[in-house]
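For reference, the structure is listed below as structure tokens.
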Amino acid sequence: MKTLTRLGLIAALAWAAPVSAETVNGLRTVDEFADIADESERSVALFNELMVVIEHPRCLNCHPVGDVPLQGDDMQPHQPPVVRGVGGMGAPGMRCSTCHGAENVTYTSGDGSIPGHVPWHLAPIEMGWVGKSATEICEQIKDPARNGNLDLAGLHEHNAEDGLVGWGWEPGVGREPAPGTQAIFGDLTQAWIDTGAVCPAT
């Protein structure tokens with residue numbers, strides 16, 4: 001009985017342990033990295049926090065390394081079967097916009113939804129991330145030849161302001177949103193850039 005009481009007390013204390021005020025829905029904010037004195041180490045830590053979003057299904061599903069988009073939190077191949085097509089917009093006669101409109105549409109049953117945004121498309125294959133390490137993704141998103149011809153300022157704008165990126169936090173009924181908020185993701189991106197945009201070591 002004493003053991004159970006002690007375990008119960010430990011569990012209660014753990015449950016009551018304060019979560020950092022700077023952490024928002026599973027994503028740490030820039031302020032939480034201020035104590036890392038070495039700028040390069042702080043930059044790597046900031047990128048690793050960006051990976052919390054980048055590795056989430058809301059991002060990975062649209063950044064496959066092949067020609068088939070993924071869907072759902074379990075990242076299954078898209079149903080019905082579709083392919084990338086020209087510009088990542090789908091094949092002729094089966095364009096992404098055939099099913100995906102300007103906004104999310106909730107099923108009449110209320111237990112799911114069809115995602116929507118204009119435009120709706122896959123990221124270029126050069127920006128495929130699934131199965132890649134943080135180092136590989138970091139080097140990839142810094143390379144204009146593989147990131148849509150963006151410099152670092154353009155990359156920040158993309159992460160902080162692009163509507164299709166923002167959809168990840170407003171994905172519709174039946175999908176878990178990406179951690180944090182797009183604003184925090186943008187702030188982390190800028191802080192990573194400001195500290196030298198250092199990539200994690202292999």
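Worth knowing before you read on, the calculation uses all heavy atoms, side chains too, and leaves out hydrogens, waters and symmetry mates. Every value quoted in this text rests on a predicted model; they were computed, and no experiment measured them.
One N or O on the side chain of S113 and one on the backbone of V173 form a donor-acceptor pair closer than 3.5 Å. No side-chain donor-acceptor contact under 3.5 Å links R175 to the backbone of G168. Panel note: side chain T189, backbone F185; a donor-acceptor pair is recorded below 3.5 Å. When atom types are taken as modelled, the side chain of N61 and the backbone of P69 share no donor-acceptor pair closer than 3.5 angstrom. Here the side chain of W169 pairs a donor or acceptor atom with the backbone of P179 at under 3.5 angstrom. In terms of modelled atom types and a separation under 3.5 Å, the side chain of H156 and the main chain of H158 share no donor-acceptor contact. Between the D143 side chain and the E139 main chain, no donor and acceptor come within less than 3.5 Å of each other.
In this structure, the separation between CG on L46 and CZ on R28 is 8.5 Å, given to the nearest 0.5 Å. Atoms CH2 and SG, on W120 and C62 in that order, are 5.0 Å from each other to the nearest 0.5 Å. Going from atom CG of N159 over to atom CG of L50 covers 7.0 Å, rounded to the nearest 0.5 Å. Between the OG1 atom of T23 and the CG atom of D31 there is a distance of 10.5 Å, given to the nearest 0.5 Å. Rounding to the nearest 0.5 angstrom, the gap separating the CG atom in N147 from the CD atom in E126 is 10.0 Å. In this structure, the separation between CD on Q190 and OG1 on T195 is 9.5 Å, given to the nearest 0.5 Å.
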Audit row: L70, L60, side-chain contact (heavy atoms from CB on, under 4.5 Å) steps and yes/no: CA-CA 8 Å; L70 306 174; L60 289 181; 5.7 Å; no
Step-by-step side-chain contact (heavy atoms from CB on, under 4.5 Å) determination, W192 to C138: CA-CA 11 Å; W192 170 66; C138 183; 3.6 Å; yes
From CA spacing to verdict: side-chain contact (heavy atoms from CB on, under 4.5 Å), I114, Y107: CA-CA 7 Å; I114 300 169; Y107 301 155; 3.7 Å; yes
Intermediate values then yes/no, side-chain contact (heavy atoms from CB on, under 4.5 Å), S40 and V198: CA-CA 6 Å; S40 292; V198 182; 4.2 Å; yes
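N104 and W167 share a side-chain donor-acceptor pair at under 3.5 Å. For the residue pair H117/E170, the side-chain donor-acceptor check at 3.5 Å is not satisfied.
No continuous path of hydrophobic side-chain contacts links L122 to M127 [ILVMFWY only; heavy atoms under 4.5 Å]. In the hydrophobic cluster analysis, where Ile, Leu, Val, Met, Phe, Trp and Tyr join through side-chain heavy atoms closer than 4.5 angstrom, V44 is grouped apart from L27. I141 and M51 fall within a single hydrophobic cluster, where Ile, Leu, Val, Met, Phe, Trp and Tyr side chains are chained together by heavy-atom contacts under 4.5 Å. Side-chain heavy atoms closer than 4.5 Å link hydrophobic residues (I, L, V, M, F, W, Y) into clusters, and following such links, possibly through other members, connects M75 to I137. If you chain together hydrophobic residues whose side chains sit under 4.5 Å apart, L152 and V53 fall into the same group.
Nearest heavy-atom pair across K142 and A197 is NZ-O, 2.7 Å.
Residue pairs meeting the salt bridge (Lys or Arg N to Asp or Glu O under 4.0 Å) criterion with at least one partner in residues 59-88, sequence neighbours excluded, are R58-D73, D67-R84.
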